[in-house]
J.: 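Structure provided below as structure tokens; questions to follow.
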There are 2 protein chains.
Amino acid sequence: MSHTSRESRERSVPTSADVARLAGVSRATVSYVLNNASAVRISEPTRRRVRRAAEELGYVPHAAARSLRAGHSRMVLLPTAHVSACPPHSRFLDELQWALRGLDYTVVQYGSMGLDGDSAARAWAELRPAAVVSLGETVLTPHSVRLLKRSGVRAVITLGTRAVEGAHSLLMDQRQIGARAAEHLLERGHRRLGVIMPEEPGPGLFSELRLTGVRRAAEPHGATVRAVPLACEERAAEALAAGWRELGLDAVYAYNDEYAMLLMRALQDVGLSIPGDTAVIGADDLLLGRLLRPRLSTLRIDVVTGQYLAGLVDRAVRDPDGAPERHDVMATRVVRREST
Amino acid sequence: MSHTSRESRERSVPTSADVARLAGVSRATVSYVLNNASAVRISEPTRRRVRRAAEELGYVPHAAARSLRAGHSRMVLLPTAHVSACPPHSRFLDELQWALRGLDYTVVQYGSMGLDGDSAARAWAELRPAAVVSLGETVLTPHSVRLLKRSGVRAVITLGTRAVEGAHSLLMDQRQIGARAAEHLLERGHRRLGVIMPEEPGPGLFSELRLTGVRRAAEPHGATVRAVPLACEERAAEALAAGWRELGLDAVYAYNDEYAMLLMRALQDVGLSIPGDTAVIGADDLLLGRLLRPRLSTLRIDVVTGQYLAGLVDRAVRDPDGAPERHDVMATRVVRREST
DNA sequence: TTGAAAGCGTTACCAA
DNA sequence: TTGGTAACGCTTTCAA
């Protein structure tokens with residue numbers, strides 16, 4: 001008897017009612033004090049009593065109860081295909097999250113790996129976030145967007161290669177990246193271009209679009225373009241290098257620096273000179289690209305800042321019925337080093 | 001008038017009451033059907049009507065309301081210092097998340113960047129998660145643990161270099177890593193060891209411990225150990241390489257592969273041979289280490305699997321009063337290539 | 001087999 | 001300046 005009561009006391013989480021009881025005031029007063037409500041004036045001694053009581057009990061407000069009552073939350077949900085991402089993505093995420101926190105949002109990342117589009121959207125909707133910001137790893141369908149909106153999500157924003165109906169869309173034109181790579185190689189006098197296509201499923205969408213960009217830029221110059229699949233492993237690179245001469249390419253754009261380094265190493269190992277026999281350019285400007293010899297040329301891709309995106313999120317949440325905006329938000333420039 | 005009513009209808013999110021109304025049953029029935037309650041028997045036609053109605057309205061349950069009522073949630077909170085992480089961390093996270101989903105938990109990642117320990121813990125506590133799993137990027141104090149427990153968090157688990165009072169602790173002994181590196185270098189006949197210490201703040205704790213490990217392993221053999229600070233930039237590496245001979249080292253363990261590659265490149269550029277003049281070993285077994293010449297020797301660090309951690313989380317949630325467990329969960333082995 | 005009602009922790013309105 | 005009260009959406013016990 002005394003045991004259960006002691007146990008339940010220990011187990012029980014302090015609520016605002018407990019704080020009120022301890023401070024000798026009503027729950028309403030506690031709420032006013034703890035939220036610094038400006039509408040009502042509470043005497044300073046009362047305020048102190050309430051704060052002291054909250055402190056003493058280790059009271060922490062219950063976010064779910066609050067947003068249930070309020071009818072809306074300040075949660076921004078970032079769905080991620082994997083639960084994590086890598087630079088330069090990560091710096092951007094940090095920025096975004098920082099900026100959103102400054103705007104008083106709670107940022108929460110939700111790994112939706114292994115969920116199909118519909119069940120993922122349902123899972124997000126259950127959390128009733130104020131906004132969902134899809135960073136391009138996850139694909140958002142018009143259907144998911146409708147589902148989310150129906151569930152009270154005030155803003156759906158996508159950052160990716162294409163606009164999604166009903167959502168604000170920040171567009172990153174992947175073709176532009178391929179085009180820049182091609183322009184650079186053409187400028188250097190190359191006319192038989194290869195494009196390394198990752199065999200891994202992740203970048204599939206991107207690499208196809210970048211290839212299109214290369215094609216478009218190359219055609220007017222009468223250059224040929226050849227797609228060359230490659231898995232991100234040493235073995236695969238060796239095999240590719242063994243038959244490289246037969247491909248008859250004089251330059252190659254390799255999706256990103258990782259594939260570029262892999263390929264370059266393999267080509268050198270079969271005696272090819274770079275950029276003499278084949279020029280190589282990657283993308284993302286990784287630090288390690290500067291450590292190889294020749295130093296790897298690359299494409300630097302600048303996307304919109306986290307602050308900018310945070311601003312858009314906030315505006316969209318405040319005006320949920322505003323027409324979806326579309327912006328182009330990517331800039332690509334060539335960083336020429338020694339491999340081209 | 002008609003305008004506002006239409007608007008509010010459109011705005012309003014369907015609740016279980018709406019489903020009940022449309023299906024012509026009570027809310028209780030809706031809840032039973034949608035949760036497949038086995039305790040009560042509902043007729044098949046009714047079940048169908050309810051499901052149809054839910055479908056038609058696009059009803060999605062409100063997670064906050066549900067867990068408020070239930071008195072507990074199935075949320076597992078993963079605080080992260082940055083909002084993201086990199087391999088091999090990321091694969092582990094994906095595994096963990098996958099396994100937890102299989103156990104019917106909702107995994108949510110919370111970026112606590114720029115929050116001090118106490119406010120971070122408060123922020124987590126507001127969400128009333130069932131468990132908090134700290135992955136070593138964030139530091140958890142006994143005080144935060146108490147705060148979390150007081151707020152109803154059933155399990156607090158840390159994966160890191162040291163145990164935290166009150167929390168289940170999965171220990172990764174960073175000294176072991178340094179020790180393995182040293183043992184390998186000693187075995188190869190080296191006696192004047194350098195240890196690259198990153199100047200970046202991130203790895204500070206880890207690198208100190210690894211250095212200790214090196215020292216402990218080296219002393220019995222009468223080898224000398226020297227800590228050598230290095231920032232992760234080309235310039236810094238060049239400067240270090242310029243004065244390398246004066247250091248009189250015949251081998252170096254470079255924290256991780258990134259620093260190792262950076263250093264190796266710089267040493268080669270000033271005409272030193274590797275491993276002839278100086279042997280170099282890194283850690284993490286990055287793919288790119290295999291692309292350099294000589295190929296970089298490294299330490300492969302295997303941590304516990306995500307499944308294992310998920311199991312521990314589940315057990316801990318089910319038995320919140322169980323004594324905190326402590327496990328050693330890391331294994332390190334040398335991958336010798338050509339740089340040592 | 002179904003329905004009514006209570007209650008989870010909050011906050012906002014209205015009275016006192 | 002403060003307190004009572006209702007309501008947010010959901011589940012579950014008890015009654016019919």
Side-chain angles (χ1 to χ4, degrees), chain A residues 8 11-50 53-54 57-75 125-130 150-152, chain B residues 8 11-50 53-54 57-74 125-128 130 150-152:
Chain A
S8 76
R11 276 253 134 276
S12 81
V13 178
T15 71
S16 72
D18 296 322
V19 176
R21 207 168 310 130
L22 183 59
V25 298
S26 75
R27 275 147 62 219
T29 307
V30 171
S31 175
Y32 290 143
V33 173
L34 264 30
N35 295 305
N36 295 312
S38 45
V40 283
R41 302 195 58 76
I42 309 265
S43 68
E44 195 48 46
T46 306
R47 298 188 105 90
R48 261 202 295 278
R49 275 216 315 285
V50 171
L57 293 173
Y59 168 73
V60 175
H62 193 307
R66 170 179 288 166
S67 64
L68 183 58
R69 164 66 226 213
H72 60 258
S73 73
R74 303 263 322 154
M75 183 192 296
E126 288 193 2
L127 298 177
R128 297 289 194 276
R150 277 213 74 92
S151 306
Chain B
S8 76
R11 277 250 137 279
S12 82
V13 178
T15 71
S16 72
D18 296 323
V19 177
R21 208 167 310 132
L22 182 59
V25 299
S26 77
R27 275 149 65 218
T29 308
V30 171
S31 176
Y32 289 141
V33 173
L34 263 30
N35 295 307
N36 296 313
S38 44
V40 282
R41 300 193 56 76
I42 309 264
S43 68
E44 196 47 48
T46 307
R47 299 189 105 88
R48 261 202 295 278
R49 276 216 314 286
V50 170
L57 293 173
Y59 169 74
V60 174
H62 192 306
R66 169 179 289 167
S67 66
L68 183 58
R69 166 65 226 223
H72 60 257
S73 74
R74 304 263 323 153
E126 289 192 2
L127 299 177
R128 297 289 194 276
R150 278 214 73 90
S151 306

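Chain identifiers are assigned alphabetically (A, B, ...) following the order of the sequence lines, protein sequences preceding nucleic acid strands; residue numbering begins at 1 within each chain.
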J.: Grab the CG-P distance between A:Asp18 and C:dC8 for me, whole Å please.
T.: 11 Å

J.: Are any non-hydrogen side-chain atoms of A:Pro61 and A:Arg66 less than 4.5 angstrom apart?
T.: yes

J.: Please give, in whole Å, the distance from C:dC13 P to A:Asn35 CG?
T.: 14 Å

J.: Whole angstrom is fine here: how far is it from CG in A:Leu57 over to P in C:dG9?
T.: 14 Å

J.: Is any side-chain heavy atom of A:Val25 closer than 4.5 Å to a side-chain heavy atom of A:Arg49?
T.: yes

J.: For the pair made of CG in A:Asn36 and P in C:dT11, what is the distance, rounded to whole Å?
T.: 12 Å

J.: For B:Arg49 and B:Arg128, find the nucleotide of DNA chain C closest to each by heavy atoms; which residue's nucleotide sits nearer the 5' end?
T.: B:Arg49

J.: Starting at the 5' end of nucleotides 1-8 of chain D, put B wherever the base has a protein heavy atom under 4.0 Å, S where only the sugar-phosphate does, and a dash everywhere else.
T.: SBBBBBBB

J.: Could you state the atom-to-atom distance from CG of B:Leu127 to C1' of C:dT10 in whole Å?
T.: 15 Å

J.: Please test B:Arg128 against A:Val60 for side-chain contact (heavy atoms from CB on, under 4.5 Å), starting from the C-alpha separation and ending with a verdict.
T.: CA-CA 9 Å; B:Arg128 297 289 194 276; A:Val60 175; 3.9 Å; yes

J.: Taking B:Ala130's backbone N and O only, do any of them form a donor-acceptor pair with B:Arg74's side chain (distance below 3.5 Å, no angle check)?
T.: no

J.: Take B:His62 and A:Leu68 through the test side-chain contact (heavy atoms from CB on, under 4.5 Å) and record every step on the way to the result.
T.: CA-CA 9 Å; B:His62 192 306; A:Leu68 183 58; 4.1 Å; yes

J.: Please give, in whole Å, the distance from D:dC10 P to B:His72 NE2?
T.: 17 Å

J.: Mind calculating the distance between CZ (B:Arg21) and P (D:dG9) to the nearest angstrom?
T.: 11 Å

J.: Between B:Glu44 (CD) and C:dT1 (P), how many Å, whole number?
T.: 11 Å

J.: Quick one: does A:His72's side chain get under 4.5 Å of A:Ser67's, heavy atoms only?
T.: no

J.: So, does B:Ser16 get its side chain near the phosphate of D:dG9, meaning an N or O under 4.0 Å from OP1 or OP2?
T.: no

